[in-house]
Amino acid sequence: MPEGPSIVLAKEDIRHLTGLTVKTAKSTATRIDAERFSGTTLKSVRSWGKHLLLKFDNITLRIHFLMFGSYAIGKPKAGRVAKLAIHFSGGDSLFIYAAAMTIIEGPINKTYDWSADVMSMHWNPGNALSKLKANRERLICDALLDQQIFSGVGNIIKNEVLFRTRIHPLNKVGNIPARRMKALVDDAKDYSFLFLKWKRKFVLKKHWEAYTKKKCPRDGHPLTKLYAGTTQRRTFFCEQCQELFTGP
DNA sequence: GAAAATGTTATCAT
DNA sequence: TATGATAACATTTT
């Protein structure tokens, strides 16, 4: 469920519950006092990167699906205990599984930099570029996963965008020429929307060019698989066509 | 059936 | 104190 576009799909899926009032809510997560939702109304469903945000009157439930989280509408998943179960008056219900959740008090606009979210209409590539300028020493494969810079970008999008823009994942941010960096920032957004389109049609995997692949679709060169960066995430790239810049 | 994986955060070490 | 490594979380796919 995890990367930004998948959260957008979840948002679309859940949005029709907006306007309903909570009859009962139960949570097995110690951090969540589900009682607080009782009697409140679901005001809006939003997302910021990988965060799914459900606003109920004065509090917002922040849901992060981590690697394996999921949800169900209407009917709980068989044989599973929901981390949060919300029953609305009228009979609708929402179940959340294996997610990390937090309650945000009051307005959320202060909490979130919407211009960092690649899926947001407020996404601002210029802001991303200036944040990158402040991170010249980091590897680009790490910077792409930084949710403060590219909120919503996950490991698949990281791999595909680096491949599409022919940038070697082990480049230091500061060594990448400005024009190439701009192309990368733009593609982070563009590819995320392609991801969304393909995921919607269940054809996402078919379009992967680098992620989990063995051969470069451009030149047939074998792809390198490396656990790269400070987070040691799987990184697939072509030594031949993805450029490693040596700096100024 | 073991191992790995679309991820983050809290806690432990240094 | 600040930074970095490790564990914890939990489910589906390979």
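Within every chain, numbering begins at 1; the chains are lettered A, B, ... in the order of the sequence lines, protein sequences first and strands thereafter.
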Lys NZ or Arg CZ of K77(A) over Y97(A) ring: under 6.0 Å, within 45°: yes
Would you kindly compare Y227(A) and H51(A) by the position of their nearest DNA chain B nucleotide and give the one closer to the 5′ end? Y227(A)
Closer to the 5' end of DNA chain B via nearest nucleotide, is it T231(A) or K225(A)? K225(A)
Please report, rounded to the nearest Å, how far the [atom2] atom of [N] is from the [atom1] atom of [X].
X: L226(A); N: dA4(B); atom1: CG; atom2: C1'; value: 17 Å
X: E137(A); N: dG4(C); atom1: CD; atom2: P; value: 13 Å
X: R80(A); N: dA10(C); atom1: CZ; atom2: P; value: 11 Å
X: L66(A); N: dA7(C); atom1: CG; atom2: C1'; value: 14 Å
X: M67(A); N: dT14(C); atom1: CE; atom2: P; value: 15 Å
X: F65(A); N: dC9(C); atom1: CZ; atom2: C1'; value: 15 Å
X: R138(A); N: dG4(C); atom1: CZ; atom2: C1'; value: 14 Å
X: K83(A); N: dA8(C); atom1: NZ; atom2: P; value: 15 Å

Listed nucleotide nearest any side-chain atom of R62(A), set dA10(C), dG7(B), dT9(B): dT9(B)
Picking from dA5(B), dT8(B), dT14(C), which would you name as closest to the side chain of K205(A)? dT14(C)
Under 4.0 Å from OP1 or OP2 of dA3(B): is there any side-chain N or O of R234(A) that close? no
Whether K77(A) contacts dA10(C) is assessed here as follows: a side-chain N or O lying under 4.0 Å from the phosphate OP1 or OP2. Is that the case? no
Do [Y] and [X] meet the salt-bridge criterion of a basic N to acidic O distance under 4.0 Å?
X: E3(A); Y: K158(A); answer: no
X: R36(A); Y: E105(A); answer: yes
X: K131(A); Y: D113(A); answer: yes
X: R138(A); Y: D146(A); answer: yes

Heavy atoms under 4.0 Å, any strand shown: does A98(A) hit a base, just sugar-phosphate, or nothing? sugar-phosphate
Between F163(A) and H168(A), does the ring centroid distance fall short of 6.0 Å? no
Could you see if L54(A) belongs to whatever hydrophobic cluster contains I32(A)? Use Ile, Leu, Val, Met, Phe, Trp, Tyr and a side-chain cutoff under 4.5 Å. yes
Would F237(A) and I176(A) show up in the same hydrophobic cluster when neighbours are defined by side-chain heavy atoms closer than 4.5 Å? no
Does T230(A) or V81(A) map to a spot on DNA chain C nearer the 5' end, using the closest nucleotide for each? T230(A)
Looking only at atom P, what distance separates dT11(B) and dA10(C), rounded to whole Å? 15 Å
Taking only the P atom of each, what is the distance from dA3(B) to dA7(C) in whole angstrom? 16 Å
Annotated structure of DNA chain B as dot-bracket, pair cut-off 3.5 Å, Watson-Crick or G-U only, | for inter-strand, is .||||.||||||||
V173(A) and L139(A): CA distance, side-chain angles, deciding distance, side-chain contact (heavy atoms from CB on, under 4.5 Å) verdict: CA-CA 6 Å; V173(A) 168; L139(A) 298 182; over 6 Å; no
Contact list for DNA chain B against residues 139-160 of chain A - heavy-atom distance below 4.0 Å: Q147(A), G154(A), N155(A), I156(A)
For the pair H207(A) and F195(A), evaluate ring-ring contact (aromatic ring centres under 6.0 Å, His included) and give the outcome as yes or no after the intermediate values. CA-CA 9 Å; H207(A) 291 276; F195(A) 185 121; over 10 Å; no
